[in-house]
Amino acid sequence: MPGKNMEKSYDHLQTESDWYRRWEENGLFTPASEPTGIPFSIILPPPNVTGSLHIGHALTLSLPDIIVRRKKMQGFHVLWLPGVDHAGIATQMMVEKNLKKETGQAKEDLGREAFLRLVWEWKHSSEKQIVGQIKKLGLALDWSRMKFTLSDEMQRVVRRVFVALYGEGKIYQGTYMVNRCPSCKTVLSDLEVEHQEVQGRLTYIRYPLSRDAKRWVVVATTRPETMLGDVAVAVHPRDPRYKKLIGQEIRLPLAGRAIPIVGDEDVDREFGTGAVKVTPAHDPVDFKIALKHRLEKIVVIDEQARMTGPIPEKYAGLDRFACRQAVLDDLRSLGLIEKAEEYTHNVGHCQRCETVVEPHISKQWFLKTAELAPPAIAAVRGNEIAFIPDKWKKVYFNWMENIQDWCISRQLWWGHRIPAFYCQECQEVLVSEAEPERCPRCAGTRLVQDPDVLDTWFSSALWPFTTLGWQDDSPDFRTFYPTSIMATGFDIIFFWVARMIMMGLHFGKAVPFREVLINGLIRDEKGQKMSKTKNNAVDPLDIIRESGADALRFTLAIQAVPGMDIALSLSRIKGYKAFANKIWNASRFVVMNLQGDEPPVVDAARVSDADKWILHSLNLLVQKVNESFDGYRLYEAADLIYHFIWDEYCDWYLEFSKSDLESPATRSVLRLTLLRILQLLHPFMPFISEEIYQRIRGEKEFLIQTEFPAFTREFVFPEAHAAVETLKKVVAETRKTRTENRIEPNKKIPIFLKCDAPLERQHLEKHLKYFDFLSRSLKTEIVSDLAVLAKGFRGVSQNWEILLPFVDDQDRRQELQRLRGEHDKLARLIEQMEAKLAGGDFAAKAPAEVILNFKKNLQEYIEKNAKIGKTIDDLS
RNA sequence: GGGCGGUUAGCUCAGCUGGUAGAGCAUCGGUUUUACACGCCGGGUGUCAGAGGUUCAAGCCCUCUACCGCCCA
């Protein structure tokens, strides 16, 4: 018999060490390109090669894995495709930081090529680490199809897509105001800018009129240093305070230039004094105003956020914040500051490094969204793509309906190089997949490629169809596209999900996925966000070492209510580690008792009622679990399985079975039920379920190759189920009565029972064997009148009375007191219920069924209390 | 400014289409009974944020308020 001698406690380290290798070696996760069942595919959201995975990844990766494993067991043709992301800005920053720390060098000291070699090295080691972590989690990924967002293949596809979009006029180059991070030294898209509320100061500055320096207009600003680049003062054209001044000139303090006062509808009359300074080179609103009024744009802040341009010598080269102070000091000494006040406003910060971003005019590449967005909106509106939970649709629509063109160029080295070439002779711009040999216009050969790379999210947007080989019209693409599910966090709905939908529709000619599963954030056990600075971040590998990947996966699954954040508590993980041990020991019990002669199928004629009861319960469980799965309520499925195993199979069925171990039929049910449990559990806890399954089945097949349990008519036994439920009820009541009266748990005592329901009485009579064992009964008698017997402790439940004989008179007095308390409590409840039934509209308006039920309950309470009253009389 | 969540047992959270509340952990009492002390048996614990409304009936639906959190501009 395989699997004998299971260790007394479960060792997750041992079990989780080797199964992954064997699954992989047996090609369990590698489907053929040609389908053998209904295709079901999920593309892994590629983790960044910035280091190692955090606990949030464990969630985003585990949930689809659970879905994938079940689908596979249900016979779908499943692909779960892995990959990693080059994560341009994040990775480059990390390598730069390391370089600085280790050698003191900047990337410029190495040059582009040498630096990129360094990043590639980093990528390889990070990828190795990530893949190792993923395997530890047990994810059923097909590594033979692994992809990288910056592989040669991806570079070819990205160039092709770029050239195509350029050809369609959807990619263009333009000079606009964009956000730039002075620290990361690149421009950013609007999405990469995070607005944070900042306590600042609003300074009111006097701008003297050219004609009369004694008169001035007061403007309010949070950024005084930008006044050096002012080209006008703007007021609302209908503002009575200022409209007469329109057309006049201001002598700009410090700079000494003359600038006009213009009228513009975009001026907010409520802000400050209603007159605003116009700095078109450094403010997006001012930029627009300047365009309308054909004003010059004077750049006074450079790419390093230092002062530059036609400004007084003393400010040149100062950092923007240092200059702010200098300007304020100088204005104050000139008596030009009217006042300053505390002011809370939103300031854009770089998502990566939290530096205050600088609006900045430059020539960049943009993706036009006007034609790409509408089909993407329509696809979601037409339910071709569902969001789970549904509420995220609104968020998606809100953003998509207000979408702006996307700035896709970045001044970085690590990423997809933009396939644009500039002729040095005639300045012609050439966009092409391959580097052109000569300029088609002037035949010049001095061509220089654009130094910029693409926003990382550009290649990410192409991920679902390019990973499947859209570029080669591969069989994989035809089989697995559109993919089934995209599982990801809400934080990247705009960055990623929306863009995948746009690109997928445009190039893949179909939605990239059918369902978007949005999961929440992992927080610590106090509900706080995890972060390195708070030192409350947990490493998934630590948890796996401590409690096992199975326990971690189960914890995440049972807590992951779609769209809700998870407060991850270590004590809870420990609880599911204990659950694994529980399963192990239940299996140990089964394995110890198997004799090898168990019939392979359930013989309904030979099995006991207890056997039928567990089969019936199992069948109900299977039905509910499948419903939960289909509604993406994995937390519910996990919860159902947990309670079935612990509260039904272990707590009751294994105990029942101890009375029937000589029966091969019972042993076969013991075994069969366990195997079904392991199958149900496998998606959640792949390691322990496989280990036990193999020990029992003798390595005939892997668990993932077996069929996921489904409801079967074969296991419908309502009568036996009801009988055993009665038994459970009476056992529980007896145990309670014993405990309440401090009767030693292990002491076998005589037990007397009385039952008013003939059917239930039959049930119990039939199963006294189990009752005696579970209630520690010396001898059980079911009698018609308890009063005639020895006095004893009473327990009363629906239809049943229990009597445990007293040993002495102290017992009697104690019992009397308890019964009086209970009698009073119940009497109050009955009174309340009768009042409800008598007065009000309840009796008149509630549905008959509800009232009937209510009356039934009331009647039961009345009867129960009558019994208690009678007992009190007997004992008095 | 616009929008979205949350507020349920000491803690962290479930509670699907309204019929008087559940889990895990914690806690208390008992217990080493032939799978498991990572166990077993049993117990206690809640004006379901507040106010109002709809309804025979509200944790669940509607309105308002308060507090906490998030997103967009």
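By convention in this document, chain letters (A, B, ...) are assigned in the order of the sequence lines, proteins followed by strands, and residues within each chain are numbered from 1.
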Between [X] ([atom1]) and [N] ([atom2]), how many Å, whole number?
X	N	atom1	atom2	value
A:F589	B:rC36	CZ	P	10 Å
A:D639	B:rC16	CG	C1'	14 Å
A:K574	B:rA37	NZ	P	18 Å
A:I558	B:rC13	CD1	P	15 Å
A:Y396	B:rC4	OH	C1'	18 Å
A:K393	B:rG3	NZ	C1'	17 Å
A:R588	B:rA37	CZ	P	9 Å
A:W584	B:rC36	CH2	P	14 Å

Under 4.0 Å from OP1 or OP2 of [N]: is there any side-chain N or O of [X] that close?
X	N	value
A:W392	B:rC72	no
A:K582	B:rC40	yes
A:K391	B:rG3	no
A:Y649	B:rA35	no

From [options], pick the nucleotide closest to the side chain of [X]?
X	options	result
A:K736	B:rU34, B:rG39, B:rG42	B:rG42
A:K658	B:rG24, B:rA35, B:rA73	B:rA35
A:K394	B:rC72, B:rC70, B:rC4	B:rC4
A:F494	B:rA73, B:rC71, B:rG43	B:rC71
A:L654	B:rC72, B:rC41, B:rA35	B:rA35
A:H643	B:rC36, B:rC38, B:rA23	B:rA23
A:Q559	B:rU12, B:rC40, B:rG24	B:rU12
A:K577	B:rA35, B:rC38, B:rC72	B:rC38
A:L191	B:rC72, B:rC40, B:rC36	B:rC72
A:S9	B:rA37, B:rC38, B:rA35	B:rC38

- Query: Base, sugar-phosphate, or nothing: which does A:D491 touch, judged by heavy atoms less than 4.0 Å apart?
  - Reply: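 It contacts nothing in the nucleic acid.
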- Tell me what A:F579 touches on the nucleic acid: a base, only sugar-phosphate, or nothing, going by heavy atoms under 4.0 Å. nothing
- Item | Donor + acceptor pair across side chains of A:Y632, A:E515 (<3.5 Å) | yes
- Short side-chain donor-acceptor distance under 3.5 Å, A:D647 and A:Y642: no
- Hey, would you say the A:F287 and A:Y176 ring centroids sit under 6.0 Å apart? no
Quick one: look up who [N] pairs with, Watson-Crick or G-U, both distances under 3.5 Å, and put none if it's unpaired.
N	value
B:rU7	B:rA66
B:rC40	B:rG30
B:rU45	none

- Task: Using the closest heavy atom to pick a nucleotide of RNA chain B for each, name whichever of A:R572 or A:A732 lands nearer the 5' end.
- Result: A:R572
- Item | RNA chain B: 5'-proximal contact among A:R735 and A:E194 (nearest heavy atom) | A:R735
- Message: A cation-pi test, strictly: NZ or CZ of A:K658 under 6.0 Å from the centre of the six-membered ring of A:F589 and no more than 45 degrees from its axis. Yes or no?
- Response: yes
Could you measure between the two [atom1] atoms, the one in [N] and the one in [M], and give it in whole Å?
N	M	atom1	answer
B:rC64	B:rG2	P	13 Å
B:rG5	B:rA57	C1'	28 Å
B:rU8	B:rC68	C1'	16 Å

- Parallel, tilted or perpendicular, as decided by the 30° and 60° cut-offs, for the rings of A:F644 and A:Y649: parallel
- Quick one: closest heavy-atom pair of A:N519 and A:L63, and the distance? CB-CD1, 4.2 Å
- Item | Check: B:rA35 base within 3.5 Å donor-acceptor of A:E655 side chain | yes
- Item | Non-hydrogen side-chain atoms of A:Y576 and A:D550 separated by less than 4.5 Å | no
